[in-house]
Each structure stands twice: as structure tokens, then as C-alpha cells.
Protein chains: 2
Amino acid sequence: MMLDDTDRAILAALSRDATQTAAALGGRIGLSQPATWRRIKRLRDDGVLAGQRVSLNAQALGFGVTVFLGVKLATKGRVSLDDFERAVTAIPEVQLVEHVLGLYDYRLRVVARDLADFERVLRRRVMTLPGVGDVEANVLLSEERRPGPI
Amino acid sequence: MMLDDTDRAILAALSRDATQTAAALGGRIGLSQPATWRRIKRLRDDGVLAGQRVSLNAQALGFGVTVFLGVKLATKGRVSLDDFERAVTAIPEVQLVEHVLGLYDYRLRVVARDLADFERVLRRRVMTLPGVGDVEANVLLSEERRPGPI
DNA sequence: ATTGAAAATCGCCGTTT
DNA sequence: AAACGGCGATTTTCAAT
């Protein structure tokens, strides 16, 4: 599928604020409500707009600590990967499981109430995962999301 | 603020799909539309529901490669951090800038059309950032988002 | 239970490619 | 002629009270 500048403007606008109406968005880029809506629908149908999700404020929920873990597996057969993924997705504190290629095999985004709570998760849950070798940790200080290239 | 199981069910449902209506969501958890809507409004007012974002399908947009970069700065004064952050947010291919504590100073999520395009971004844009020391890369194979602890 | 707004269409006609 | 947009209108749905 081919995207023109109008599509890009719509995607950029929706990235900033997904709650705005088709009429308001169209007004800002010089399109009528139906035309804007048709384009949004096409972008949805083409799979470019993949969905819409709320972003939860972890701080407000009492999760003050976010840690990124790089995990290297000790053994890497197909079964090892499957076993690891099955087990890791059962840890509630894990928000994101990324299978990667490079120095590590998996990257995990983990939230905890505080550092003491994180230590518990690390020792009782992460270090006991099947096949785990090296684990590296980075504590999140701040993050900024950018619109991306579009 | 205090969350009960009903609030948790609402947050979990909205994390999966933010487009669903209060009536539909309520129906699934045994609440009326107004009751569900009031709870959602309270969660919004309390700052637990922080906003709503569309998820763009990078693949469909022609960005087939996602790479995580761990960046270590060579020099780490306040000015170095400010300079680095200013410069890195000007790279369109960077979707996410995470300031972290640990082996690395920053973690970047970078998208590119393909590996050749990524090499260009890495050499021309990332390696020329002010104060950059070591850079480590992990190529994303797949990722799975989880609801988190809520 | 109600209302007012917005989403989600449709048809038609003009323009551009 | 195919694709797209504007305009006007309608129906349906849903947020909000």
C-alpha cells in the first residue's frame, strides 16, 4: 500500500492524540469529516493502524521501579526457547518479552513496587527461569517516546 | 487511590483494546454502561489511565528492522547528558529514548527499512552523537506485550 | 432513561490522473 | 474510467448526565 503526505499527517496527528475526532483532525489538515474518516478506515483495513491501547501510569499504580533485563540463555535449543518463553510469560511483573539477536537472547521489561520488591522478583522468579545464563540489568530513570519516522 | 478487582479488570480490558465501549466492557465483567463509564472516568481523573495511543504497524509502514541500542557515554557531566538527549531526539528513526542506570547510560529503540538502512542510521546518525562511547546492538526478532501486574 | 454528539455510513457530483 | 474529495444527509452508536 502507498501512503501520501495526507496519510502521514493523519498518522502523525493520531500518534499525538488518539482520542481526537475525525472531524477535528480533518479540520486541521484541510479535509472533510467523511474524507478523513475514509482514510482512517483504509489505514485500519490495511493494518497500518494496528490498534489502540491505553497507557497505564505505573507510578500511580504503585509500581515505582522499572528495570530492563538482558537475559542470555545457557542452552539454546528450540525447546529451551519455548520453555523459557512459556515460563517468563507467567511472571506477572514482566510487561514485555522481546526475543532478540545479539549479545543477549531476550530483553525483559519488568516493573516492581520498589527495589526490594524487584530483588524478590529477580531472585525468586527471573533467576529460576529454565535455561537462564547471564542476566544484565538497567534501571529506568526516564523515557521519552518519539513519533518515529512514519 | 485504592483499586479493587473490578478496576483491575477494566484496566486489563482497556490494555488489550482501548476502542471498546463502556457498555461492551461492562457487559463482560457484569457492570452497566454508566457504572463502567464512571469507573473509567475515575481512573482517568486519578491519573491511572494516562492517555491513549495508536499502535502503528512498523512492518506495514515499510520498517522491517527494529534494533535496540545500548549506549555508554564517554563523558558524563550534566551538559553531556543534555547534549546527547537533544541530539538523539532529532533522529527520526529513534522511537524511544530511555535514560537508564547500569551497564549503559541510554537505551534506544531504532527502526529502519532494512539492515542496510540501519547501518546508515548507525554510522551517520548514532555514532556521531555527542559523547558516545560504547554502543551495543540487539536486533528484535519478536516481542510479546503482557498485561503487567496491575 | 434520556440526550446530544460523534462515528459510520451513503449518494451524488466535480476534479484530477 | 478509476480514484479521490467535497457536500449534505442519514442512521446508528455511545459518551455523558
Side-chain angles (χ1 to χ4, degrees), chain A residues 1-62 95 145 147-150, chain B residues 1-64 92 95 113 145 147-150:
Chain A
M1 112 273 350
M2 205 75 268
L3 299 185
D4 61 17
D5 290 344
T6 306
D7 288 326
R8 271 179 262 276
I10 289 174
L11 292 176
L14 288 178
S15 296
R16 266 179 248 117
D17 173 20
T19 65
Q20 65 192 309
T21 69
L25 202 172
R28 226 165 303 116
I29 60 174
L31 274 190
S32 68
Q33 179 258 327
T36 310
W37 184 85
R38 271 195 296 264
R39 281 193 181 250
I40 293 173
K41 176 167 169 47
R42 182 168 52 77
L43 290 168
R44 236 189 291 116
D45 293 345
D46 289 351
V48 173
L49 286 170
Q52 212 160 317
R53 263 176 270 109
V54 292
S55 64
L56 301 184
N57 183 345
Q59 211 76 31
L61 284 164
Q95 288 185 323
R145 239 165 265 277
I150 307 183
Chain B
M1 111 273 349
M2 204 76 267
L3 300 185
D4 61 18
D5 289 345
T6 305
D7 287 326
R8 273 179 260 277
I10 290 175
L11 293 176
L14 289 177
S15 297
R16 268 178 247 117
D17 172 20
T19 65
Q20 64 193 307
T21 70
L25 202 172
R28 225 164 306 115
I29 60 174
L31 276 189
S32 69
Q33 179 258 323
T36 310
W37 182 83
R38 269 193 303 270
R39 284 198 180 242
I40 293 173
K41 175 167 169 49
R42 181 170 53 75
L43 291 167
R44 234 188 292 116
D45 293 345
D46 289 352
V48 174
L49 287 171
Q52 215 160 313
R53 51 184 55 259
V54 291
S55 67
L56 300 184
N57 183 346
Q59 208 76 30
L61 284 164
F63 295 96
Q95 288 186 323
R113 308 211 158 266
R145 240 165 264 278
I150 307 184

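Here is the naming used below: chain letters follow the sequence lines, and residue numbers restart at 1 for every chain.
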* Structure fact -> Regarding the side chain of B:T21, the nearest nucleotide among D:dC14, C:dA8, C:dC10 is D:dC14
* Could you give the CD-to-C1' distance, from A:Q33 to C:dA5, as a whole number of Å? -> 12 Å
* Asked: Which part of the nucleic acid, if any, lies within reach of A:G30 when heavy atoms closer than 4.0 Å are counted: base, sugar-phosphate only, or nothing?
  -> sugar-phosphate
* **Charged N-O contact under 4.0 Å between A:D46 and A:K41** => no
* Could you tell me the separation between the CG atom of A:L14 and the C1' atom of C:dA7, rounded to a whole number of Å? => 14 Å
* Asked: Can you tell me how far C1' of C:dA7 sits from CD of A:Q20, to the nearest Å?
  -> 15 Å
* Side chain of A:R38 - closest among C:dA6, D:dG6, C:dT9 -> D:dG6
* OP1 or OP2 of D:dG5 sitting under 4.0 Å from any side-chain N/O of A:R39? -> yes
* Check the distance between C:dT16's P and A:D4's CG and give it to me in whole angstrom. => 16 Å
* Asked: When you measure from the side chain of A:S32, which nucleotide among D:dG6, C:dA8, D:dA16 comes out closest?
  -> D:dG6
* Asked: Taking 4.0 angstrom as the limit, do B:R8 and B:D5 come out as a salt bridge?
  -> yes
* Across the strands shown, which category fits A:R42 at heavy-atom distances under 4.0 angstrom: base, sugar-phosphate, nothing? -> nothing
* What nucleotide among D:dC7, C:dA7, D:dG6 has an atom nearest to a side-chain atom of A:P34? -> D:dC7
* Asked: Under 4.0 Å: is that the gap between some side-chain N or O of B:W37 and OP1 or OP2 of D:dA16?
  -> yes
* **Whole angstrom value for the distance that separates C1' of D:dC14 from CG of B:L31** => 17 Å
* **Salt bridge present between A:D17 and B:R53 (N-O < 4.0 angstrom)** => no
* Structure fact -> Of all heavy-atom pairs linking A:I29 and A:A9, the shortest is CG2-CB, 4.0 Å
